[in-house]
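Here, residue 1 is the first one in the sequence, and each next residue gets the next number. The structure presented is a predicted model; accordingly, all values stated were derived computationally and were not measured.
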Amino acid sequence: YYEGEGLVVIDRDFFCVMSFDLPNFADIFDMKKIQVVFLFFVFFQSSLFSSTKIDSLLALLNTNPGEKEQIDLFNDLAEEYIHLDNNRSLEFALKAIDASGQIGYSEGLLDAYNIVATNERNRGNYSSALEYLKKALVLSQSITDKTRTADCLISIGDVYTTLKNYSKSISHYEQAYELYHNNKDKINEITSLSRIGNRNMDIGKQLNDTSYFVKAIDIYENAKKQV
C-alpha cells in the first residue's frame, strides 16, 4: 500500500516489510492503472510459461516413461494446470493417485493428495480439501518425512484460517513450527511464526481482546530474531 512518501509492501502471511523511497509517487502515476497493467503482464507471462511447460511435460509422457517417472509427470502436469484448468489438474492428480496406489509409490501419492487438496480449496470445497490434506499428513508421518509433514500442517492451518477457525489453524501452525525448528529450516520457521501472529491478531479482532494483539507482537518480534 502507499503510505506518505514511501511505498510499503507487506506480505501478511510471510512476515516481510520492504520500504522504498518514492517521493510524490501517487502524483506522478495512476496507481490503479499500474496495478491492472502489472497484474495482466504477470498473468500473461505466467500463462505463457505454463503452456510451454505443459507441452514439454505432455511430450515426455508420450515417451513411455517408467512407472514412477510417469506418476511424477502426472503430478507435474496437475501442478501446472492448477491455475489454468481445475478439471485437467484433477484429472492428472487422480491418475497419479491411482497409479501410485498400484505400485506403492508413497511420494507420488503424497504429492497427488496435496494437489487435489489445493484444487478443492480453490473450488471452495473445504471439507474435501481437509480430507485430502489429512490423508497426506498421515502418509507423510508414516514415511517419517518431517518437512512434508510440516508442509501439510501449514496447508491444513491455511484451510482452517479460510474457515475462520483460528484456534485450529494456530494449533497446526505451532506443530509445523516445531518441525521446522527441529530441521533448522529458518525460512519456514519465520513463515510459521508469522501465521501464528496473524491468527492471534484475527482472534483479537473477533473478541475485541487486546491481549491477543500483544501476543501477536511478541510473536512477530520472535520471528524477526530468526532472520
Side-chain angles (χ1 to χ4, degrees), residues 13-14 57 65-83 86-200 202-203 219:
D13 272 340
F14 185 87
L57 292 170
E67 290 178 321
K68 287 186 177 180
E69 289 77 10
Q70 183 187 56
I71 292 167
D72 290 339
L73 286 169
F74 284 154
N75 279 326
D76 288 342
L77 282 161
E79 189 78 43
E80 289 301 315
Y81 272 118
I82 278 180
H83 299 297
N86 276 126
N87 291 329
R88 287 287 278 166
S89 180
L90 277 171
E91 176 188 335
F92 283 111
L94 292 174
K95 283 183 178 180
I97 288 173
D98 182 57
S100 295
Q102 290 181 27
I103 66 170
Y105 182 26
S106 297
E107 288 78 6
L109 190 57
L110 182 54
D111 288 339
Y113 281 157
N114 278 298
I115 293 168
V116 173
T118 300
N119 274 289
E120 292 298 271
R121 183 182 173 188
N122 289 345
R123 291 166 177 253
N125 299 330
Y126 301 117
S127 294
S128 180
L130 285 171
E131 179 184 342
Y132 277 98
L133 285 171
K134 288 175 181 178
K135 286 182 180 180
L137 178 62
V138 170
L139 184 55
S140 66
Q141 290 170 330
S142 72
I143 62 175
T144 323
D145 189 328
K146 292 183 179 179
T147 297
R148 291 193 185 210
T149 297
D151 292 344
C152 287
L153 289 165
I154 288 287
S155 295
I156 292 171
D158 288 346
V159 175
Y160 280 124
T161 292
T162 302
L163 296 172
K164 300 188 185 302
N165 190 333
Y166 301 129
S167 59
K168 280 194 174 182
S169 63
I170 289 172
S171 172
H172 285 85
Y173 294 150
E174 288 175 339
Q175 292 176 64
Y177 171 77
E178 290 301 322
L179 290 171
Y180 290 135
H181 179 69
N182 291 336
N183 283 346
K184 303 186 186 305
D185 185 342
K186 291 293 184 182
I187 295 296
N188 281 315
E189 279 185 58
I190 296 168
T191 301
S192 304
L193 287 173
S194 175
R195 278 170 160 79
I196 294 167
N198 290 337
R199 298 301 77 80
N200 273 284
D202 291 329
I203 292 174
I219 292 167

Heavy atoms of Ile154 and Tyr173 approach each other most closely as O-CE2, 3.5 Å
What are the two closest heavy atoms between Asn75 and Gly108, and how far apart are they?
ND2-O, 3.0 Å
For the residue pair Ser89 and Ile115, what are the closest heavy atoms and their distance?
OG-CG2, 3.9 Å
ring-ring contact (aromatic ring centres under 6.0 Å, His included) filter on Tyr160, not counting sequence neighbours, yields His172
Enter the distance from Glu131:CD to Tyr113:OH here, rounded to the nearest 0.5 Å.
9.5 Å
Do you know which two heavy atoms are closest between Ala93 and Ala78, and how far apart they sit?
N-CB, 3.7 Å
Looking at residues at least two apart in the chain, or sitting in another chain, which of them share a side-chain hydrogen bond (donor to acceptor under 3.5 Å, both in side chains) with Ser155?
none
Is the shortest side-chain heavy-atom distance between Glu189 and Asn183 below 4.5 Å?
no
Please identify each residue that fulfils side-chain hydrogen bond (donor to acceptor under 3.5 Å, both in side chains) with Thr144, with sequence neighbours left out.
none
What distance do Leu109 atom CG and Ser140 atom OG have between them, rounded to the nearest 0.5 Å?
11.0 Å
Looking at residues at least two apart in the chain, or sitting in another chain, which of them share a salt bridge (Lys or Arg N to Asp or Glu O under 4.0 Å) with Arg148?
Asp111, Asp145
Considering only heavy atoms from C-beta outward, does the side chain of Leu90 approach that of Arg123 to under 4.5 Å?
yes
Separation between CG of Leu139 and CD of Gln141, rounded to the nearest 0.5 Å
9.5 Å
Nearest heavy-atom contact between Glu120 and Ala129 is CB-N, 3.8 Å
Do the non-hydrogen side-chain atoms of Leu57 and Phe92 ever get within less than 4.5 Å of each other?
no
Criterion side-chain contact (heavy atoms from CB on, under 4.5 Å) on Ile103 and Ile71, from CA distance to verdict:
CA-CA 10 Å; Ile103 66 170; Ile71 292 167; 3.7 Å; yes
Salt bridge (Lys or Arg N to Asp or Glu O under 4.0 Å) pairs, two or more places apart, involving residues 165-177
none
OG1 of Thr149 to CG of Leu179, rounded to nearest 0.5 Å, is 6.5 Å
Before you tell me yes or no, could you show the steps for Glu79 and Thr118 under side-chain contact (heavy atoms from CB on, under 4.5 Å), namely the whole-Å CA-CA distance, both residues' side-chain angles and the distance that decides it to 0.1 Å?
CA-CA 9 Å; Glu79 189 78 43; Thr118 300; over 6 Å; no
So NE2 of His181 and OG of Ser192: to nearest 0.5 Å the spacing works out to 11.5 Å
Test item: Tyr177 side-chain N/O and Thr191 main-chain N/O as donor-acceptor pair under 3.5 Å:
no
Can you confirm whether the side chains of Tyr166 and Asn200 place a donor and an acceptor under 3.5 Å from each other?
no
Check whether Tyr105 reaches the backbone of Ala99 with its side chain - one donor and one acceptor, N or O, closer than 3.5 Å.
no
Ala136 versus Leu110, closest heavy-atom pair with distance:
O-CD1, 3.1 Å
To the nearest 0.5 angstrom, please state how far the CG atom of Leu133 sits from the CZ atom of Arg121.
9.0 Å
Take Leu130 and Ser128, measure what side-chain contact (heavy atoms from CB on, under 4.5 Å) needs, and give me the verdict at the end.
CA-CA 5 Å; Leu130 285 171; Ser128 180; over 6 Å; no
Is there any salt bridge (Lys or Arg N to Asp or Glu O under 4.0 Å) pair reaching into residues 87-106, and which pairs are they, with sequence neighbours excluded?
Arg88-Glu91, Glu91-Lys95
Got more than 12 heavy atoms from elsewhere within 6.0 Å of CD, Glu69?
yes
Strictly below 4.0 Å, N to O, side chains only: are Lys164 and Asp202 in salt-bridge contact?
no
